Peer 1: 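Right, I'll just put the structure down here and ask away after.
When a ligand or atom number is given, it counts from 1 through the structure's own listing order. These numbers were taken from a predicted model, which means no experiment stands behind them.
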Amino acid sequence: MHTRNFDALIIGGGIIGLVTAWRAAQRGVRTALADPEPGGGAARVAAGMLAAVTELQYGEQTLLELNSASAARYPDFVAELTDLTGLDTGYRPCGTLTVALDADDRAHLRDLHAFQTSLGLRTQWLSGRECRRLEPLLAPGVRGGLRVDGDHQVDPRRLAGALLRAAELAGVVFLRSAVARVTVTAGRATGALLADGREIAAASTVLAAGSESGRIAGVPEDVAPPVRPVKGQILRLRIPPTHAPFLSRTVRAVVRGSHVYLVPRENGELVLGATSEEFGWDTTVTAGGVYELLRDAHELVPGITELPLTEMLAGLRPGSPDNAPLLGPTALDGLLLATGHHRNGVLLTPVTGDVMAEVLTSGELPDYARPFAASRFDRPAAAARLEQTV
Ligand code: GLY
């Protein structure tokens with residue numbers, strides 16, 4: 001069969017694969033993207049919070065820098081996408097309020113506030129009464145909260161649609177097939193054999209298949225990314241006009257150790273998430289998952305029980321060993337990664353596109369992305385492979 005040649009082959013058509021393909025093609029890289037259903041993946045499930053400050057974890061200051069850089073790029077990023085495609089991404093600069101429902105939560109949020117402030121982040125402590133003044137439907141027992149006016153939201157499904165169109169307009173070739181295996185010839189990745197039998201040759205092959213990225217056939221074990229699936233179950237409800245405005249911003253809490261968040265969209269959708277479960281490649285929606293989400297959300301905003309429930313879904317976050325993405329070249333020549341974004345895939349979409357386009361054109365990660373180099377988890381055989389090449 002005839003082999004098609006490209007500069008770059010992107011494996012995976014979720015938002016990370018799409019943004020990589022789009023940005024690369026914009027820079028003149030002849031790019032193909034392989035996915036049976038581009039525009040799908042975890043973004044179909046994700047709530048789309050852009051929560052660089054709210055989701056900050058202790059010890060993740062380096063990741064915070066990348067998250068904040070990506071959040072800062074969002075307004076121009078979505079404006080560019082909409083200008084090019086005519087499609088709206090549902091970007092909503094609405095802010096976020098995280099509340100405490102009991103004394104333990106309050107102490108924890110107080111500590112988090114001190115930590116955020118020590119890093120110079122813009123965040124404001126509110127009393128329970130101030131929280132309810134902002135969001136009148138909050139439970140009467142709310143004990144205080146953190147207001148973060150810079151943490152916004154986007155609609156990941158619309159974002160995926162706009163990215164897909166932008167990539168088409170930029171000349172990305174969509175290969176609507178799964179990948180049977182990555183091809184490795186004479187010690188370098190050379191493209192892929194598709195499940196439909198087509199052979200694709202590429203100077204660079206990028207694994208951008210989310211949690212699947214670590215188990216694509218043909219990739220040598222020592223360079224396969226150490227990503228694992230972290231299941232998130234999520235619900236969608238509808239806010240009838242009679243109940244609007246329901247919430248004016250994203251509202252969230254930690255209830256009995258689990259994160260619960262309510263993300264109100266301008267189109268009347270209310271996204272309620274999310275569980276975090278490590279059970280392999282299972283995307284079953286369970287009675288227990290739905291029960292826990294509704295129970296916790298009801299403690300936060302009792303009025304949710306009046307809303308129509310329109311969708312229940314589960315998706316898989318690509319978890320990495322340090323919760324940060326793996327970007328750029330691997331120890332195998334010609335093989336690159338754009339995966340491992342864990343809880344921050346939507347947030348990190350703009351910066352990932354820029355980083356990967358830079359790598360695909362110059363061969364180098366930009367300085368600000370070096371802490372996220374794919375090579376940081378190199379295993380012994382991969383390290384030996386690298387030594388042979390220098
Ligand atoms: N960033 C939200 C989540 O992963 O559930």
Side-chain angles (χ1 to χ4, degrees), residues 14-16 40-58 60 63-64 66-71 74 90-92 94-99 112 116 146 148 150-157 159-160 210-211 213 227-237 247 249-265 269-279 281-283 285-286 289-290 292-294 296-297 300 311-325 339-352:
I15 52 177
I16 295 298
R44 276 208 62 67
V45 181
M49 288 178 299
L50 307 174
V53 175
T54 302
E55 292 213 344
L56 172 65
Q57 303 283 319
Y58 296 101
E60 292 187 358
L63 179 57
L64 169 70
L66 194 70
N67 284 345
S68 301
S70 203
Y74 245 98
Y91 177 69
R92 187 177 179 194
C94 59
T96 297
L97 178 67
T98 307
V99 301
L112 186 61
Q116 290 168 337
L146 273 181
V148 178
D151 277 357
H152 304 313
Q153 59 155 300
V154 71
D155 183 335
R157 292 178 181 177
L159 178 65
S211 57
S213 305
V227 287
R228 65 185 198 285
V230 182
K231 177 177 170 182
Q233 300 190 50
I234 205 158
L235 310 177
R236 280 172 167 76
L237 297 88
L247 297 171
R249 73 203 63 227
T250 297
V251 168
R252 49 188 299 161
V254 179
V255 183
R256 286 176 284 273
S258 302
H259 290 272
V260 61
Y261 45 77
L262 293 158
V263 183
R265 302 230 196 278
E269 183 176 82
L270 181 70
V271 186
L272 196 174
T275 64
S276 188
E277 306 160 63
E278 305 232 8
F279 295 130
W281 276 270
D282 164 44
T283 51
V285 175
T286 63
V290 174
E292 282 168 27
L293 287 172
L294 289 174
D296 295 351
L300 192 60
E311 211 177 334
M312 300 179 287
L313 269 179
L316 300 173
R317 306 174 184 90
S320 74
D322 60 4
N323 298 331
T339 186
H341 294 70
H342 196 216
R343 298 183 70 91
N344 298 306
V346 181
L347 172 61
L348 288 171
T349 295
V351 82
T352 299

Peer 1: Provide the number and element of each atom of ligand 1 under 4.0 Å from a heavy atom of M49.
Peer 2: 2 (C)
Peer 1: Do the charged groups of E277 and R317 touch, with an N to O distance under 4.0 Å?
Peer 2: no
Peer 1: Test salt bridge (charged side-chain N to carboxylate O under 4.0 Å, His left out) on E311 and R157; report intermediate values, then the result.
Peer 2: CA-CA 14 Å; E311 211 177 334; R157 292 178 181 177; 2.8 Å; yes
Peer 1: Of T349, V351, L50, V346, which is the lone residue that meets side chain to side chain contact (heavy atoms under 4.5 Å, CB included) with S70?
Peer 2: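 When T349, V351, L50, V346 are each tested with S70, the side chain to side chain contact (heavy atoms under 4.5 Å, CB included) holds only for V351.
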Peer 1: Please could you name the atoms of ligand 1 that Y261 approaches to less than 4.0 Å, counting only its heavy atoms?
Peer 2: 2 (C), 3 (C), 5 (O)
Peer 1: So, the side chain of H152 versus the backbone of G95: is there a donor-acceptor pair under 3.5 Å, distance only?
Peer 2: yes
Peer 1: Between R343 and E55, does any side-chain N to carboxylate O distance fall below 4.0 Å?
Peer 2: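 Salt bridge flag = yes for E55 with R343.
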Peer 1: Among all protein non-hydrogen atoms, which one is nearest to atom 4 (O) of ligand 1, and what is the separation to 0.1 Å?
Peer 2: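 That would be R317 NE, 2.7 Å.
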Peer 1: Relative to ligand 1, is H259 under 4.0 angstrom through side chain, backbone, both or neither, heavy atoms considered?
Peer 2: neither
Peer 1: Which heavy atom of the protein is the closest neighbour of atom 1 (N) of ligand 1, given with residue, atom name and distance?
Peer 2: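 Of the protein heavy atoms, R343 O, 2.8 Å lies nearest.
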